[in-house]
Amino acid sequence: MENLTNCDEGLQPAVCRACLFAKGAAPARIAGGEPLQAGRPAAQTRALGGLDAQEPAPQPLTAGGSEVWLLSGSAPGPWTDCQPAATTSGAMPVGGLLPLFSSPGGGGLGSGLGGGLGGGRKGSGPAAFRLTEKFVLLLVFSAFITLCFGAIFFLPDSSKLLSGVLFHSNPALQPPAEHKPGLGARAEDAAEGRVRHREEGAPGDPGAGLEDNLARIRENHERALREAKETLQKLPEEIQRDILLEKEKVAQDQLRDKDLFRGLPKVDFLPPVGVENREPADATIREKRAKIKEMMTHAWNNYKRYAWGLNELKPISKEGHSSSLFGNIKGATIVDALDTLFIMGMKTEFQEAKSWIKKYLDFNVNAEVSVFEVNIRFVGGLLSAYYLSGEEIFRKKAVELGVKLLPAFHTPSGIPWALLNMKSGIGRNWPWASGGSSILAEFGTLHLEFMHLSHLSGDPVFAEKVMKIRTVLNKLDKPEGLYPNYLNPSSGQWGQHHVSVGGLGDSFYEYLLKAWLMSDKTDLEAKKMYFDAVQAIETHLIRKSSGGLTYIAEWKGGLLEHKMGHLTCFAGGMFALGADGAPEARAQHYLELGAEIARTCHESYNRTYVKLGPEAFRFDGGVEAIATRQNEKYYILRPEVIETYMYMWRLTHDPKYRTWAWEAVEALESHCRVNGGYSGLRDVYIARESYDDVQQSFFLAETLKYLYLIFSDDDLLPLEHWIFNTEAHPFPILREQKKEIDGK
């Protein structure tokens, strides 16, 4: 069939005029007298494939009259100039201009590339885009944009990248980012081994911090691109094979772990020291202690009435509450409260709890759990219940759960995952943690429980896992001697340099001290790590306000945030407990430091309306020990302040600590007690109770236990024989451990 695109062989006049006009000719008129608009070719007769139809030309004009064109080449076709390549300067083939964006009536990008041809039909020429081609183009464009913005927003320290690169400002002078950064590229590989002194702008050196930040950003970009390239180069079969190999490895480890559990040896139970529950001689103290036991009875009975077998109680709604931290594991309050029931002499309730555990406590669940929370509440609660009562079911369940948690350590560095699927053994970290990092307070709060699991199971695997964590930590450089809150389990390197003795860091330092004490003071490595860390904390984090209050700030990339969390208030008791092992000249200093922290935390309680402390309080903007942000004003029945009162009372017998503790009891009774139990508060600064409707399991495990011990004699769970885990579960000191761990 004759090709009608040849101008010399009879192309319709309208199209010929369009061709000429595209080359710069003056506007002409088509048959019918309508002027040919600039850059707008008229319709032409279609003579392709035996069809003979009129098809309108593309309509590039937008609603506002502006034109946007896409250059698509000059291949000959229905809309192409008759001269294929030798166009004159400034001329563009008509078919080489396709509208990229059109008016709303033209259908936008999709219509401009196809829908504008033939009233929504596909274009007939080679230069027109088919539907699949448009889809591919959009897909590539979207992927490019996603890659660019993803690289910016999801790398570790993205806030510094945005401020320091996009807006050309000094990251060292920017306010620190919040502690939940986006998931991004991993910390640098261990193989790179770059020693980073004073990274992220160490205190007093913002210039060095800026230089290191920019270098780290470049490294993160290069590493992200390299990892993406390596992944893209893998065939689907290779990726599938890697997945199968990983599953096989996990299955083998689980089989080995089951063999371990089946080999649980017999142990001779030693009667515990200091569990006799004698009444205090002072009648007033005796009355106050009885009141605290009545509080425990009220909390327990309502849990039993409305939420028995579930994890926690909603005392306002009078129903059960289950946190995702425990997956499908049930009975958190039952396990967490076991030792409190035993210590308070609530024997009937203790036996009820034991019966439920024997019948219903099941760890064979297909669910993801927090390794940290399950360890301190369930493993810790079961271990302490065994050591207090000698009931074999508690030892069996504790070791069974410990075995279930071992796959969390299956990482390249040995630093465990934060989250673990109890059935598959697959682990991962919190999505918000810096670059997929594990959290210091979580992987650093396994040591006490896992050492006792090895002691009771006869297998060293549990102790080996936590000692490997220590090995990794001791090989790393610490910025200014401080331990950042994030550590990547794949590379074994630090993530974002955020240091806190409160949330994300707290119990790591607690467990260094208590590992030394629990080993009968033979674990010299733990002792050295603890006192080195405390010295760095004193130098860089501990400050005194203008009003004379000592507080522990947070360190974010070299900048201090003058905020102290309720969680940080445990440190007063920690400093006092560790004073006995400090160099002789520093022992009294640490005892006094503990007292100063206790006073500051008491002030945070005393400056609220309800006399219970907020989640966090600040020392800036003219305020001291007061929460200034609404999301920091809540109280969820936390125990840390009362924990410090307990240690300070035991170590000094200063009566003010009993006075402060009783103030807390009265506040709990006045503002948190309801008919269905005890509830947290959403705002401690207002008169109207705004309940959060959750009775936390740690209220029974910690808050009430510490209060009870404050008003008991010192020979109930004496500190020279017992170590409390971070959930207040008492473990005996392992005196038979004679081999010293070299602390070099």
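Residue numbers run from 1 in the order of the sequence given.
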* Hey, is the main chain of P416 close enough, under 3.5 Å, to the side chain of S438 for a donor-acceptor pair? -> yes
* Do you know which two heavy atoms are closest between S604 and P614, and how far apart they sit? -> O-CD, 3.5 Å
* Asked: Can you tell me if N277 and Y708 form a side-chain donor-acceptor pair at under 3.5 Å?
  -> yes
* Using the ring of F724 (Phe, Tyr or Trp, six-membered ring only), decide whether K514 places NZ or CZ under 6.0 Å from its centre and within 45 degrees of its axis. => no
* To do: Please report the shortest heavy-atom distance between F617 and C601, naming the atom on each side.
  => CZ-SG, 4.5 Å
* Hey, what's the ring geometry for Y645 with W660, parallel, tilted or perpendicular (30° and 60° as the breaks)? -> tilted
* Do other residues, nucleotides or ligands put more than 12 heavy atoms under 6.0 Å from N631 CG? -> yes
* Any salt bridge between E702 and R638, counting N to O under 4.0 Å? -> no
* Asked: Of all residues at least two apart in sequence or in a different chain, which pass the side-chain contact (heavy atoms from CB on, under 4.5 Å) check with S389?
  -> F342, F350, E391, F394
* Kindly compute the distance separating CZ (R607) from CD (E624), expressed to the nearest 0.5 Å. => 6.0 Å
* Asked: Side chain of Y303, backbone of L310: donor and acceptor closer than 3.5 Å?
  -> yes
* Exercise: do T550 and E596 side chains pair donor with acceptor under 3.5 Å -> yes
* Apply the side-chain contact (heavy atoms from CB on, under 4.5 Å) test between N485 and each candidate in H498, H497, Q496; give the one that qualifies. => H498
* To do: Give the C-alpha distance, both sets of side-chain angles, the deciding distance and a yes or no for side-chain contact (heavy atoms from CB on, under 4.5 Å) between Y387 and D339.
  => CA-CA 9 Å; Y387 282 121; D339 48 19; over 6 Å; no
* Asked: Would you say the side chains of K404 and N364 form a donor-acceptor pair under 3.5 Å?
  -> yes
* Decide whether E666 and W662 meet the rule of one side-chain donor and one side-chain acceptor closer than 3.5 Å. => yes
* Are the side chain of N375 and the backbone N or O of V379 linked by a donor-acceptor pair below 3.5 Å? -> no
* Structure fact -> Between W555 and L482 the two heavy atoms that sit nearest each other are CD2-CD1, 3.9 Å
* Can any side-chain N or O of T703 pair as donor or acceptor with the backbone N or O of L637 at less than 3.5 Å? -> yes
* Testing L487, L504, N429 for side-chain contact (heavy atoms from CB on, under 4.5 Å) with I439, which one passes? -> L504
* Starting at OG of S679, measure out to OH of Y691 and round the result to the nearest 0.5 Å. => 7.0 Å
* Shortest non-hydrogen contact between R543 and H540, atoms and distance -> NH2-O, 3.4 Å
* To do: Can you run down the salt bridge (Lys or Arg N to Asp or Glu O under 4.0 Å) pairs that involve residues 683-697, sequence neighbours left out, and say none if there aren't any?
  => none
* Checking R618 side chain against R629 main chain: does a donor-acceptor pair fall under 3.5 Å? -> no
* Crowding at NZ, K304 (>12 non-hydrogen neighbours, <6.0 Å) -> no
* Structure fact -> Correct closest heavy-atom pair for Y657 and A598 would be CE2-CB, 4.0 Å
* **Distance-only donor-acceptor check, side chains Y511 and E449, under 3.5 Å** => yes
* To do: Nearest 0.5 Å please: distance from the CG atom of D620 over to the CG atom of L560.
  => 11.5 Å
* Asked: Any chance the side chains of W430 and E442 put a donor and an acceptor closer than 3.5 Å?
  -> yes
* Counting distance only, does the side-chain N/O of S697 pair as donor-acceptor with the main-chain N or O of T333 below 3.5 Å? -> no
* Hey, does the side chain of T644 reach the backbone of C569 with a donor-acceptor pair shorter than 3.5 angstrom? -> yes
* Does the pair R289 and E279 meet the rule for a salt bridge (Lys or Arg N to Asp or Glu O under 4.0 Å), with working shown? -> CA-CA 9 Å; R289 195 176 81 146; E279 292 288 338; 3.7 Å; yes
* To do: May I ask you to check whether over 12 heavy atoms, not counting those of Y609, lie within 6.0 Å of atom OH?
  => no
* Go through the steps for T568 and D506 under the test side-chain contact (heavy atoms from CB on, under 4.5 Å), then give the verdict. => CA-CA 7 Å; T568 318; D506 48 5; over 6 Å; no
* For the residue pair T445 and E510, confirm or rule out a side-chain donor-acceptor distance under 3.5 Å. => no
* Answer with yes or no whether the side chains of H671 and Y635 bring together a donor and an acceptor at under 3.5 Å. => no
* Parallel, tilted or perpendicular for H653 and W649, by the 30°/60° rule? -> perpendicular
* Structure fact -> Between F570 and E640, the two heavy atoms sitting closest are N-CB, 3.8 Å
* Asked: In terms of side-chain heavy atoms, does Y605 have a donor or acceptor partner in H566 at a distance below 3.5 Å?
  -> yes
* Could you tell me whether a side-chain N or O of S317 sits under 3.5 Å from a main-chain N or O of E319, the two making a donor and an acceptor? => no
* Start with the C-alpha gap between V534 and Y509, add the side-chain angles, then the distance that decides, and say whether side-chain contact (heavy atoms from CB on, under 4.5 Å) holds. => CA-CA 8 Å; V534 168; Y509 305 99; over 6 Å; no
* To do: For T600 and Y551, indicate whether the former's side chain and the latter's backbone hold a donor-acceptor pair under 3.5 Å.
  => no
* **Y678: which of Q696, Q695, E669 passes side-chain hydrogen bond (donor to acceptor under 3.5 Å, both in side chains)** => E669
* So, the side chain of S370 versus the backbone of E373: is there a donor-acceptor pair under 3.5 Å, distance only? -> yes
* To do: If the plane angle is over 60° it's perpendicular, under 30° parallel, otherwise tilted; pick one for Y706 and Y647.
  => tilted
* Looking at side-chain heavy atoms only, is the closest gap between M296 and T340 below 4.5 Å? -> yes
* Step by step, work out the side-chain contact (heavy atoms from CB on, under 4.5 Å) result for F363 and V369. => CA-CA 11 Å; F363 305 127; V369 303; over 6 Å; no
* Quick one: pull up CG in L405 and CG in L446 and give me the separation to the nearest 0.5 Å. => 8.5 Å
* **Flag if over 12 foreign heavy atoms under 6.0 Å of NZ, K358** => no
* Structure fact -> The reported gap from CG in L716 to CE in M344 (rounded to nearest 0.5 angstrom) is 10.0 Å
* Asked: Can we say E349 and K293 salt-bridge, meaning some charged N sits less than 4.0 Å from an Asp/Glu carboxylate O?
  -> no
* Rounded to the nearest 0.5 Å, what separation is found between the CZ atom of F508 and the OG atom of S500? -> 13.0 Å
* **pair L420-P407: side-chain heavy atoms closer than 4.5 Å** => yes
* Asked: Checking ring-ring contact (aromatic ring centres under 6.0 Å, His included) for the pair F378/F326: CA distance, chi angles, key distance, verdict?
  -> CA-CA 10 Å; F378 284 89; F326 312 119; 5.8 Å; yes
